[in-house]
*Asks:* 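One structure follows; several queries about it will come next.
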Amino acid sequence: MQQVTLTLPMIPNMELTASTTAGALGEHIGMAQDKVEEVQMAVVEACINAFEHSRSKVREVQVQLLVLGADEDPEGLEITVADDGIGFDPADVAERKDGTELAKLKRGHGLKIIRSLMDEVTIRSSATGTRVTMRKLR
Amino acid sequence: MQQVTLTLPMIPNMELTASTTAGALGEHIGMAQDKVEEVQMAVVEACINAFEHSRSKVREVQVQLLVLGADEDPEGLEITVADDGIGFDPADVAERKDGTELAKLKRGHGLKIIRSLMDEVTIRSSATGTRVTMRKLR
Amino acid sequence: MTESLKLTVDEERGDLVVIYTEGYINNQGGEEIANVAYELIEKGHTTLLLNLAQTKIVNSIGISILIEIIERMLLIDGKLAFCCLTPTIEKTFNIMGLAQYAGMYSDEETAIEALT
Amino acid sequence: MTESLKLTVDEERGDLVVIYTEGYINNQGGEEIANVAYELIEKGHTTLLLNLAQTKIVNSIGISILIEIIERMLLIDGKLAFCCLTPTIEKTFNIMGLAQYAGMYSDEETAIEALT
Ligand SMILES: Nc1ncnc2c1ncn2[C@@H]1O[C@H](COP(=O)(O)OP(=O)(O)O)[C@@H](O)[C@H]1O
Ligand SMILES: Nc1ncnc2c1ncn2[C@@H]1O[C@H](COP(=O)(O)OP(=O)(O)O)[C@@H](O)[C@H]1O
């Protein structure tokens, strides 16, 4: 089973380490380039959410990248981005209704992007941290 | 102290995870872009040497990236690329004399590139593995 | 290989100014684009085209800064348009609902024709 | 953002053919360039220019494949030259001793002038 675990400090552009790794793994299992890029975008969003919102004390994020399926017949990628921050209630992340139509567009898109670009997304969050697990099939 | 440790499987392009991380750290400490790119090239060479030559059983390479100096006054980067392979004698890596002049150029450049692009390089190698430690000041 | 954004501005296109990006559009990259855009607006330009051919990755913070430029543009009856997006970046712009406020064109030629 | 190499070939330059690379020149990328180069040689072209403007990283295995192309070129009295290298890639080519076998030019214009 191919697997990579990264412990990344929350410093600018460190999310690219996660997306580069996802790129190498995706290519390795023969995922189409557009799909690989979608995974990479989702991973970037999950990382910067942790950087921006988690208030993690250790200022680190754990990224686990996993090839799904057998080595000879890989089925896709599963990526988990985990922080030990304050957590949030995913059900509570409502559409923002304030401001002008366009201003409304400005923030609150990370999770929507992740859900739209990946096949399957699970968010587990509590007062001890957040784990976003996302899958995409080849 | 800023520090990142990566455990990377030896699969194609995984060396880019190390170079992307070096890029983010280098920018973070305000290293000039040309110098950052030199570090990235050296890191890539050290990784592919481990991928190509180490015959590591676990098929993993450990990359440790360290910011030298105090957090408020970073001095440079130290990067160690370590494998648990068969090792080699660095003193033994002689210039290849066979073949035409041009053919001679073809291989045997990784270590020379690393030494030329970094300020300080230490290689420790034994039958249990190889550690290439390289430093570059900001 | 370092990912800091590089910008090139082509003001020799009549009313239209083309801004070429190279690299990652994160918050810092978005701000660099905004600085250039606001300078061009100051100079009286009202139609800007962002050519993203050499940008392979963006993040939502960077895009939110681009949305600020669009807001500013709408205030002065101007336009910000995009061309040469990767399929994933185009998808992301659509997910964020940008399509109704900014033109997106497959290539620079089509964009220039539509904008001038 | 994925790093697999993309190649564009411009054969409309008279005797000279320009190959544009985009992305990482590793062993796979080097082989892709070699395939294109050998096809062009088959077709009778003897002067090739590799424009590396959109390549920010290479490795020594990729470069060793480029050296094989140079060898082949020398056999047929042809030439492989490079332009638009990043400072680090140029430095690496020099460390590897490529400079004596292949021209390196700062930009495409200078290269084309020198080669034709
Ligand atoms: N890792 C996290 N830790 C804590 N809160 C989070 C995390 N990820 C997301 N959130 C919360 O969910 C909200 C919505 O996130 P998102 O959809 O990515 O939009 P944005 O990041 O633009 O606010 C955030 O504003 C934040 O309150
Ligand atoms: N991590 C390593 N493990 C075992 N042997 C190594 C390692 N790195 C380098 N070597 C040995 O040193 C030699 C020279 O390496 P290098 O200068 O990078 O050139 P090349 O990789 O082109 O052979 C290699 O051929 C190999 O025998």
Side-chain angles (χ1 to χ4, degrees), chain A residues 1-33 36-37 39-41 43-44 47-48 50-51 56-72 74 76-81 83 138, chain B residues 1-33 36-37 39-41 43-44 47-48 50-51 56-72 74 76-81 83 138:
Chain A
M1 197 182 57
Q2 292 284 11
Q3 170 178 344
V4 192
T5 306
L6 308 169
T7 303
L8 304 177
M10 295 180 170
I11 68 175
N13 291 347
M14 209 40 90
E15 68 277 16
L16 295 178
T17 292
S19 80
T20 301
T21 311
L25 277 179
E27 271 187 53
H28 182 61
I29 65 166
M31 190 179 263
Q33 179 168 335
V36 174
E37 290 182 4
V39 173
Q40 293 183 298
M41 184 83 75
V43 170
V44 162
C47 288
I48 61 173
F51 292 11
S56 154
K57 287 266 164 40
V58 294
R59 306 295 303 152
E60 278 181 355
V61 68
Q62 288 265 355
V63 183
Q64 189 190 56
L65 304 101
L66 200 70
V67 175
L68 297 170
D71 275 4
E72 328 77 64
L77 293 179
E78 178 181 291
I79 299 172
T80 300
V81 176
D83 64 64
R138 199 157 66 91
Chain B
M1 196 183 56
Q2 291 285 10
Q3 170 179 342
V4 191
T5 306
L6 308 170
T7 304
L8 303 177
M10 295 180 171
I11 69 175
N13 291 348
M14 208 40 90
E15 69 276 16
L16 295 178
T17 292
S19 81
T20 301
T21 311
L25 277 179
E27 271 186 54
H28 182 61
I29 65 167
M31 189 179 265
Q33 178 169 336
V36 173
E37 290 181 4
V39 173
Q40 291 183 298
M41 184 83 75
V43 169
V44 161
C47 287
I48 62 173
F51 291 11
S56 154
K57 286 265 164 43
V58 295
R59 306 296 303 152
E60 279 180 353
V61 67
Q62 288 265 357
V63 183
Q64 190 190 54
L65 305 100
L66 199 71
V67 175
L68 297 171
D71 275 4
E72 329 75 63
L77 293 178
E78 177 181 292
I79 299 172
T80 300
V81 176
D83 63 63
R138 202 155 65 90

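As the structure is a prediction and not an experimental result, all values here were calculated from the model.
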*Asks:* Quick one: pull up CG in B/Leu8 and CG in A/Leu6 and give me the separation to the nearest 0.5 Å.
*Replies:* 7.0 Å
*Asks:* For B/Pro9 and A/Gln2, work out which heavy atoms get closest and say how close.
*Replies:* CB-OE1, 3.8 Å
*Asks:* Scan side-chain atoms only and decide if B/Thr17 and A/Thr21 contain a donor-acceptor pair under the 3.5 Å cut-off.
*Replies:* yes
*Asks:* Heavy-atom pairs under 4.5 Å with chain A: which of B/Thr5, B/Ile11, B/Val4 has the most?
*Replies:* B/Ile11
*Asks:* Would you check if B/Pro12 and A/Glu27 make a side-chain contact, meaning some heavy-atom pair closer than 4.5 Å?
*Replies:* no
*Asks:* Yes or no on side chain to side chain contact (heavy atoms under 4.5 Å, CB included) for A/Met14 and B/Leu25, after CA distance, side-chain angles and deciding distance?
*Replies:* CA-CA 8 Å; A/Met14 209 40 90; B/Leu25 277 179; 3.9 Å; yes
